[in-house]
Protein chains: 2
Amino acid sequence: MNIGQAATTSGVAAKMIRYYESIGLIQAPVRTEAGYRVYSSDDIHALRFIKRARTLGFSIEEARELLALWRDKSRASADVKAFAMKHVRDLEMKIAELQAMSQTLRHLAQTCHGDERPDCPILADLADPAVALDTAVKKKAPRKERHDAECTCDDAKSSASVQH
Amino acid sequence: MNIGQAATTSGVAAKMIRYYESIGLIQAPVRTEAGYRVYSSDDIHALRFIKRARTLGFSIEEARELLALWRDKSRASADVKAFAMKHVRDLEMKIAELQAMSQTLRHLAQTCHGDERPDCPILADLADPAVALDTAVKKKAPRKERHDAECTCDDAKSSASVQH
DNA sequence: TATGCTCCTTCCCATAATGGTAAGGTCAAG
DNA sequence: CTTGACCTTACCATTATGGGAAGGAGCATA
């Protein structure tokens, strides 16, 4: 099976298959006399495994560890589970960060007229979060029931650290 | 104000300040005779603006557009709001992707013994999602009430596209 | 004044994972 | 034998940030 076929049947781009080989994630396959890579069904299986791991948000290095666990027939399922749950916690931390951003922005957008006037609490927040928040709180003061949202907004500001 | 001071008071690393200058995100500041960059309080303000935008998950190019809107005193707040809401939708799409991953993995981990035995549905799913899901469904068949979770799991498989 | 410490400068390299492109070789069918 | 689809390697780009080297500048103290 040529690399193009392997790519189609595994769902991993040919470019990526070569890359995975170059970093030692998969073994170099046998070659034809002309130098064409030839993949076995075991190779395809490994590629599908990697593809699925990537789809579940594992990094390539994590996929490497999962492959090692997969091949180690004597691994304890506890090790795999711990590895997976560590990843779940990573995912949930990222989710929480994104939710904080989203909520802060939604809140700011709510207080924005969204008409032809230039005055905009979103830009005001970017220019000076403390002042903008004060303004928003004052505007919303008559209605107390959304106070929770404002607290969420505060939390979002003290968290941060994104897109590293 | 030297770049070190500017970094400290704006929260943007000196390295990043130089980088932002190099890509034209901020204007090149005046220099001392010795070539040291000297920043004004307006510069610091812009840096804080960028920092805040980044904290809210905007890319550098998006921060550039926000800066332009900020400086355009005649912009309509509707434009800013639309821009912010577009970003909120982006964030929420990413959140949904991560949640699908997290839920699928949590579900798989739930069906994993997590003891010293090697048998592990998590690795089974990675090796062959269809078979692993069948196995999990069979194991859970006696208890019907968690069927929703399995559907979510299915969705996770058809979504994908992560870490670009 | 000489030494030393901290800060500044530019330049280059590295990261993670993928896409693109170019120049050239191969295979199979017409 | 030509053509088109496929393969090969090699290099460059992306996003945002960090690290480090080599050398100059500023300031304080012995």
Side-chain angles (χ1 to χ4, degrees), chain A residues 1-26 28-39 43 47 50-67 87 90-91 94 97-98 101 160-164, chain B residues 1-26 28-39 43 47 50-67 87 90-91 94 97-98 101 160-164:
Chain A
M1 199 187 259
N2 278 348
I3 199 170
Q5 283 286 303
T8 309
T9 64
S10 71
V12 178
K15 200 85 190 248
M16 282 299 103
I17 297 179
R18 294 196 196 96
Y19 173 65
Y20 291 165
E21 178 187 333
S22 81
I23 61 172
L25 181 61
I26 58 176
V30 292
R31 303 260 188 148
T32 65
E33 289 191 0
Y36 284 25
R37 289 169 177 82
V38 177
Y39 294 93
D43 293 332
L47 285 171
I50 293 164
K51 172 76 178 177
R52 176 82 175 131
R54 299 282 302 119
T55 297
L56 289 176
F58 289 99
S59 71
I60 285 186
E61 285 315 304
E62 287 165 340
R64 194 194 297 275
E65 297 188 56
L66 287 168
L67 270 174
H87 183 53
D90 289 348
L91 287 170
K94 187 142 238 162
E97 277 178 11
L98 297 182
M101 293 176 192
S161 105
V162 198
Q163 289 181 350
H164 284 292
Chain B
M1 198 188 260
N2 279 348
I3 199 170
Q5 283 286 303
T8 309
T9 64
S10 70
V12 179
K15 201 87 192 244
M16 282 298 104
I17 298 178
R18 294 195 195 95
Y19 173 65
Y20 290 164
E21 179 187 331
S22 81
I23 61 171
L25 182 61
I26 57 176
V30 292
R31 304 261 189 148
T32 66
E33 290 191 1
Y36 283 26
R37 290 171 178 82
V38 179
Y39 294 92
D43 294 330
L47 285 171
I50 293 164
K51 173 77 179 177
R52 176 81 176 131
R54 299 282 303 119
T55 296
L56 289 176
F58 289 99
S59 72
I60 285 186
E61 285 315 305
E62 287 166 338
R64 193 192 297 273
E65 297 187 56
L66 287 167
L67 270 174
H87 183 53
D90 289 349
L91 288 170
K94 188 144 237 161
E97 277 177 11
L98 297 182
M101 292 174 192
S161 105
V162 198
Q163 288 180 350
H164 284 293

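A note on names: the letters A, B, ... follow the listed sequences, proteins ahead of strands, and every chain is numbered from 1. As the structure is a prediction and not an experimental result, all values here were calculated from the model.
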Distance, rounded to the nearest Å, where A/R54 contributes CZ and C/dT18 contributes P | 4 Å
Starting at the 5' end of DNA chain D, which residue's closest nucleotide do you reach first, B/E61 or B/Y36?
-> B/E61
Ordered by number, residues from residues 15-23 of chain A within less than 4.0 Å of DNA chain C (heavy atoms) are A/K15, A/M16, A/Y19, A/Y20
Is a donor on one side and an acceptor on the other found under 3.5 Å between the side chain of A/R18 and the backbone of A/I3?
-> no
Atom-to-atom span, CD of A/E33 to C1' of C/dC27 - whole angstrom = 14 Å
Is A/K94 salt-bridged to A/E97, going by a charged N under 4.0 Å from an acidic O?
-> no
Looking only at atom types and distance, does a side-chain atom of B/R64 sit under 3.5 Å from a main-chain N or O of B/G24, one as donor and one as acceptor?
-> yes
Return the value, rounded to whole Å, for the distance between atom CZ of A/R31 and atom C1' of C/dC27.
-> 17 Å
Under 3.5 Å, side chain of B/H87 to main-chain N/O of B/L56, donor-acceptor pair present?
-> yes
Report yes if at least one side-chain N or O of A/R37 is closer than 4.0 Å to OP1 or OP2 of D/dC7; otherwise report no.
-> no
In whole angstrom, give the distance that lies between atom NZ of A/K51 and atom P of C/dA17.
-> 14 Å
Atom CD of A/Q5 and atom C1' of D/dA5 are separated, to the nearest Å, by 13 Å
Heavy-atom check, side chain of B/L67 versus side chain of B/L25, under 4.5 Å | yes
Which pair of heavy atoms, one from A/I17 and one from A/S10, lies closest together, and at what distance?
-> CD1-OG, 4.4 Å
A/M1 CE to D/dC7 C1': how many Å, rounded?
-> 16 Å
Specify the separation, in whole Å, of atom CD of A/E62 and atom P of C/dA16.
-> 12 Å
Nearest-angstrom distance from the residue atom CD1 of B/I60 to C1' of D/dA16 | 6 Å
